[in-house]
Engineer: 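What follows is a single structure, and I will ask about it in a moment.
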Amino acid sequence: MTLNPDAKLPEDESGTVVFNTDPLIIKSHYEIDYMHSYAEDSEFFRSLGKKKLMGSKCKKCGYVYATPRSHCMFCGSETEWFELPTKGKIHTFTTCYFSGEEFLNETPFNLVMVEFEGVNSLFMSRLIGADTSDMYIGMPVKAKFRRNRKMSVTDVYFVPDVEK
Ligand SMILES: [Zn+2]
């Protein structure tokens with residue numbers, strides 16, 4: 001039998017960050033694995049692994065979306081998938097000096113809204129391989145796909161569509 005009134009839990013040198021004492025506000029690490037469904041957008045994410053960009057087209061009014069969309073925002077009808085071109089041009093762009101946590105280490109980076117021939121809406125993505133000062137509206141760009149896909153919209157990015 002062991003009865004030890006001097007027993008103590010192990011201590012370490014870590015503490016916590018206190019932001020306020022009344023009410024007490026402290027910093028706590030929080031991390032979860034998040035399982036979610038892409039539901040009707042699944043085909044878009046599966047296709048990225050086949051180096052394809054899938055858009056959606058309204059079966060009724062014919063509006064053409066550069067993004068996954070199960071139903072038309074104009075007439076409410078179902079859409080159908082179609083393969084987008086992988087080449088387009090910059091409709092507009094911005095340089096991000098701040099971002100969400102996932103991309104904070106990559107700042108500054110360029111975001112572009114890509115327009116495709118015959119498509120009514122735009123596709124937002126990253127553009128690499130060009131300095132902001134070299135970018136312009138109407139600049140030809142082409143899609144590239146990560147070899148090791150993560151089933152995320154970041155599996156696709158754009159580069160300048162120029163000869164080497
Ligand atoms: Zn429609």
Side-chain angles (χ1 to χ4, degrees), residues 17 19 27-164:
V17 177
F19 292 97
K27 179 180 181 181
S28 297
H29 181 72
Y30 182 73
E31 185 176 313
I32 60 168
D33 289 320
Y34 180 58
M35 288 178 63
H36 63 96
S37 168
Y38 282 127
E40 291 159 330
D41 293 344
S42 295
E43 180 60 20
F44 174 83
F45 292 96
R46 281 192 299 262
S47 295
L48 291 176
K50 301 172 199 159
K51 302 184 185 306
K52 290 180 181 178
L53 278 178
M54 300 302 284
S56 39
K57 182 178 182 179
C58 178
K59 291 180 181 177
K60 187 175 178 189
C61 77
Y63 196 88
V64 183
Y65 298 91
T67 52
R69 188 165 192 105
S70 67
H71 290 78
C72 181
M73 70 178 177
F74 293 106
C75 73
S77 297
E78 266 190 63
T79 62
E80 60 189 356
W81 294 108
F82 75 99
E83 190 175 341
L84 286 163
T86 53
K87 292 186 175 194
K89 58 186 181 178
I90 294 177
H91 181 82
T92 191
F93 62 95
T94 190
T95 302
C96 297
Y97 293 91
F98 194 75
S99 82
E101 191 174 351
E102 187 175 349
F103 306 108
L104 208 48
N105 293 338
E106 299 170 41
T107 56
F109 58 82
N110 294 316
L111 281 183
V112 290
M113 295 298 286
V114 179
E115 62 179 80
F116 300 103
E117 185 78 35
V119 177
N120 301 114
S121 72
L122 305 169
F123 186 84
M124 186 170 73
S125 191
R126 294 267 299 267
L127 181 96
I128 64 168
D131 291 333
T132 306
S133 59
D134 295 326
M135 295 167 62
Y136 60 94
I137 290 169
M139 178 177 167
V141 293
K142 63 182 175 184
K144 279 196 155 184
F145 299 85
R146 287 183 191 266
R147 189 169 52 87
N148 293 323
R149 64 182 169 156
K150 296 181 170 39
M151 298 288 194
S152 161
V153 74
T154 56
D155 286 351
V156 62
Y157 57 95
F158 283 76
V159 295
D161 184 19
V162 292
E163 297 296 321
K164 281 196 253 179

Engineer: Give a yes or no on whether the backbone of A66 and the side-chain of S121 come within a donor-acceptor separation of less than 3.5 Å.
Structural biologist: yes

Engineer: Identify all side-chain donor-acceptor contacts of residues 123-144 below 3.5 Å with residues at least two apart in sequence or on another chain.
Structural biologist:
unit_1 : atom_1 : unit_2 : atom_2 : d
S125   : OG     : V156   : O      : 3.4
R126   : NH1    : E106   : OE1    : 2.9
R126   : NH2    : E106   : OE1    : 2.9
T132   : OG1    : T95    : OG1    : 2.9
T132   : OG1    : N110   : OD1    : 3.0

Engineer: Take a 6.0 Å sphere around CZ of F98 and say whether it holds more than 12 heavy atoms from other residues, nucleotides or ligands.
Structural biologist: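 Result for CZ/F98: open.
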
Engineer: Who are the side chain to side chain contact (heavy atoms under 4.5 Å, CB included) partners of H29, not counting sequence neighbours?
Structural biologist: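 For H29 the side chain to side chain contact (heavy atoms under 4.5 Å, CB included) partners, ignoring immediate neighbours, are E31.
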
Engineer: Do the two ring centres, one from F93 and one from H91, sit under 6.0 Å apart?
Structural biologist: no

Engineer: Quick one: CZ on F158 to CD1 on I90, what's the gap to the nearest 0.5 Å?
Structural biologist: 10.0 Å

Engineer: List the atom pairs, with distances to 0.1 Å, where a side-chain N or O of residues 55-62 and a protein N or O form a donor-acceptor pair under 3.5 Å, not counting sequence neighbours.
Structural biologist:
unit_1 : atom_1 : unit_2 : atom_2 : d
S56    : OG     : T67    : O      : 2.7
S56    : OG     : R69    : N      : 3.0
S56    : OG     : R69    : O      : 3.4

Engineer: Between CG of L53 and CZ of F82, what distance do you get to the nearest 0.5 Å?
Structural biologist: 10.0 Å

Engineer: For residues 148-155, which side-chain N or O atoms pair as donor and acceptor with protein atoms under 3.5 Å away, sequence neighbours left out?
Structural biologist:
unit_1 : atom_1 : unit_2 : atom_2 : d
R149   : NH1    : R46    : O      : 3.4
S152   : OG     : T154   : N      : 3.1
S152   : OG     : T154   : OG1    : 3.0
D155   : OD1    : K150   : N      : 2.8
D155   : OD2    : K150   : N      : 3.1
D155   : OD2    : M151   : N      : 2.8
D155   : OD2    : S152   : N      : 3.3

Engineer: Please list, chain by chain and in numerical order, all residues satisfying ring-ring contact (aromatic ring centres under 6.0 Å, His included) with F44, sequence neighbours excluded.
Structural biologist: none

Engineer: Of all heavy-atom pairs between D41 and P68, which one has the smallest distance, and what is that distance?
Structural biologist: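 Nearest heavy atoms, D41 then P68: OD1-CB, 3.4 Å.
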
Engineer: Using the side chain to side chain contact (heavy atoms under 4.5 Å, CB included) rule, take T86 and F145 through it: C-alpha gap first, then chi angles, then the decisive distance, then the call.
Structural biologist: CA-CA 10 Å; T86 53; F145 299 85; 4.3 Å; yes

Engineer: To the nearest 0.5 Å, how far apart are CZ in F109 and OH in Y97?
Structural biologist: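 Reported to 0.5 Å precision, the distance equals 11.5 Å.
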
Engineer: Answer yes or no: are there more than 12 heavy-atom neighbours, outside K52 itself, under 6.0 Å from its atom NZ?
Structural biologist: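 No, not enclosed.
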
Engineer: Could you tell me whether the side chain of N105 reaches within less than 4.5 Å of the side chain of F103, counting heavy atoms only?
Structural biologist: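 The answer is no, as the side chains (C-beta and beyond) never meet within the 4.5 Å cut-off.
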
Engineer: Can you classify the ring geometry of Y65 versus F74 as parallel (below 30°), tilted (30 to 60°) or perpendicular (above 60°)?
Structural biologist: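 Y65 and F74: parallel rings.
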
Engineer: Search all heavy atoms of W81 against all heavy atoms of E40 and return the closest pair with its distance.
Structural biologist: CZ2-O, 3.3 Å

Engineer: Hey, can you tell me if Y38 and F45 have their rings parallel, tilted or perpendicular (30° and 60° cut-offs)?
Structural biologist: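 Aromatic pair Y38/F45 classed parallel.
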
Engineer: Under the salt bridge (charged side-chain N to carboxylate O under 4.0 Å, His left out) rule, collect the residues that match up with D161, sequence neighbours excluded.
Structural biologist: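 Testing D161 for salt bridge (charged side-chain N to carboxylate O under 4.0 Å, His left out), a comparison that skips the adjacent residues, returns K87.
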
Engineer: Would you say E117 has more than 12 foreign heavy atoms packed within less than 6.0 Å of its CD?
Structural biologist: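 Atom CD in E117 is not crowded, with 12 or fewer foreign heavy atoms closer than 6.0 Å.
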
